[in-house]
**Q** 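Okay, here's the structure, questions in a sec.
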Amino acid sequence: MSGHSKWATIKHKKGAADAARGKLWAKLVRNIEVAAREGGGDPGSNATLRTMIAKGKADSLPNDKIDLAIKRGTGELKADIHTEDVMYEGYAPAGVAILVDVSTDNRNRSSGDVRSTFSKNGGSIAEPGAVGWQFSRKGVVVIHKKQKASVVTEDDLMMAALDAGAEDILDNGETFELRCSATDIGNVCSALSDAGIAFDSADRPMVPNTTIELGEEDARKVLKLIDALEDLVDVNEVFANFDISDAVMAALSA
């Protein structure tokens, strides 16, 4: 997970093409719709929706797109298609466990695309339950240390978010990764905002209970598979139980 986070940060620094941003926005809109459909359109009482909105704003999703997504989710505006959420499980090279979160209007198409992508990139699809037990749903908030007018410390984060449910803080170099229970993420984000601390992203990912340290060759293969899965139109997110050292990441991004 931490390795994947580092890789995502590197790609973000390089800048996203307009097409990539359009695809990201489409996924964010879909996530907001699902959250509104499942828990209602009021962010005040729907922590998941509040989190998805915060994530959308962190990635510059326009407010009008957010409002329309909420209205489609609640049924105020009729959606053109019906989608369902599916979690596919599999293995990458080096025995890395993979979860693929999908929203689709055609399960057969999505299943075929995911299976084919695993096969073409040295991985394999797994039966339901074979991989999922290795992960736990968590709230994860990423905070950049350098803010507009200050530098955030670990103590600042704990003072701001401990009472709201913060459980752990990981130092990822230029950023902190604050973890909490999935149900507390809305409260944690609100507490950070009240304390004047901006966050880069907020999500409820499947976090691995343990990780596998990868060398350069295996890391390259695993990241190639993850990139290919993330490029599939129906895929929301990909979760994996690997870690990569800073030295290996530097070699990969050179």
Side-chain angles (χ1 to χ4, degrees), residues 1-2 4-13 15-16 20-74 83 85 87 99-103 135 137-144 147 152 157 160-161 164-166 169-170 172 174-207 226 230 233-239:
M1 182 66 190
S2 54
H4 191 201
S5 297
K6 293 172 189 173
W7 185 245
T9 300
I10 288 173
K11 290 194 293 184
H12 179 71
K13 286 180 181 177
R21 169 166 288 185
K23 181 179 178 182
L24 171 63
W25 282 0
K27 291 186 176 183
L28 291 168
V29 165
R30 188 158 50 189
N31 288 341
I32 291 171
E33 286 184 21
V34 171
R37 184 174 71 239
E38 293 180 348
D42 179 11
S45 58
N46 184 345
T48 301
L49 177 60
R50 189 162 65 245
T51 300
M52 291 300 103
I53 291 174
K55 186 176 181 181
K57 289 183 176 181
D59 285 305
S60 302
L61 182 66
N63 287 332
D64 60 341
K65 292 184 180 294
I66 292 174
D67 293 339
L68 287 174
I70 293 173
K71 290 178 179 178
R72 283 195 297 268
T74 59
T83 61
D85 300 323
M87 188 74 80
L99 293 178
V100 186
D101 180 26
V102 168
S103 292
F135 296 79
R137 180 73 68 179
K138 287 287 185 179
V140 175
V141 185
V142 176
I143 303 99
H144 205 283
Q147 306 266 306
V152 175
L157 294 180
I169 297 176
L170 303 180
N172 288 333
E174 296 182 0
T175 62
F176 286 117
E177 185 176 295
L178 191 155
R179 293 185 179 183
C180 61
S181 72
T183 55
D184 284 337
I185 189 169
N187 295 331
V188 168
C189 289
S190 295
L192 291 174
S193 296
D194 291 343
I197 299 174
F199 52 90
D200 292 351
S201 64
D203 206 351
R204 298 168 60 250
M206 298 296 289
V207 176
I226 289 176
E230 288 181 335
V233 65
D234 295 329
V235 172
N236 295 319
E237 292 184 274
V238 179
F239 309 110

**Q** Could you pull out all residues at least two apart from D101 that satisfy salt bridge (charged side-chain N to carboxylate O under 4.0 Å, His left out)?
**A** none
**Q** Can you tell me how far the CD1 atom of I169 sits from the CZ atom of R179, to the nearest 0.5 Å?
**A** 12.0 Å
**Q** Tell me every residue that passes salt bridge (charged side-chain N to carboxylate O under 4.0 Å, His left out) with K55, counting only those two or more places apart in sequence or in another chain.
**A** D203, E237
**Q** Minimum heavy-atom separation for A161 and V188, please, with both atom names.
**A** CB-CG1, 4.1 Å
**Q** Which heavy atom of S193 sits nearest a heavy atom of F199, and at what distance?
**A** OG-CE2, 3.8 Å
**Q** Please evaluate residues R50 and N187 with respect to the criterion side chain to side chain contact (heavy atoms under 4.5 Å, CB included), reporting the C-alpha separation (whole Å), side-chain torsions for both, the decisive distance (0.1 Å), and the verdict.
**A** CA-CA 9 Å; R50 189 162 65 245; N187 295 331; 3.8 Å; yes
**Q** I want to check something: taking the side chain as every heavy atom from C-beta on, are L61 and I53 in contact at a cut-off of under 4.5 Å?
**A** no
**Q** Just so I know, are the side chains of P205 and F135 near enough to count as touching, which here means a heavy-atom distance under 4.5 Å?
**A** no
**Q** Which heavy-atom pair separates M87 from F239 by the least distance, and what is that distance?
**A** CE-CE1, 4.4 Å
**Q** Keeping D42 on the side-chain end and G44 on the backbone end, is there a donor-acceptor pair under 3.5 Å?
**A** yes
**Q** At what distance, to the nearest 0.5 angstrom, does CD of E174 lie from CD1 of I143?
**A** 14.5 Å
**Q** For S190, enumerate each residue passing the side chain to side chain donor-acceptor pair (under 3.5 Å) test, keeping only those at least two apart in sequence or located in another chain.
**A** none
**Q** Test K138 against I185 for side chain to side chain contact (heavy atoms under 4.5 Å, CB included), laying out the working first.
**A** CA-CA 8 Å; K138 287 287 185 179; I185 189 169; over 6 Å; no
**Q** Are any of the side-chain heavy atoms of K65 and I32 separated by less than 4.5 Å?
**A** no
**Q** Please check: side-chain N/O of Q147 versus main-chain N/O of V152, any donor-acceptor pairing under 3.5 Å?
**A** no
**Q** Taking all non-hydrogen atoms of both residues into account, name the closest pair between C180 and G165 and its distance.
**A** CB-O, 3.3 Å
**Q** Of all the heavy-atom pairs spanning A35 and M52, show the shortest one and how long it is.
**A** CB-CG, 4.2 Å
**Q** With sequence neighbours left out, what residues match A36 under side-chain contact (heavy atoms from CB on, under 4.5 Å)?
**A** L49, I70, T74
**Q** I need the E33 CD to I66 CD1 distance, nearest 0.5 Å.
**A** 12.5 Å
**Q** Side chain of R37, backbone of G73: donor and acceptor closer than 3.5 Å?
**A** no
**Q** Looking at residues at least two apart in the chain, or sitting in another chain, which of them share a side chain to side chain donor-acceptor pair (under 3.5 Å) with N46?
**A** none
**Q** Do the side chains of T183 and R137 get nearer than 4.5 Å, heavy atoms only?
**A** no
**Q** Under the side chain to side chain donor-acceptor pair (under 3.5 Å) rule, collect the residues that match up with D85, sequence neighbours excluded.
**A** S103
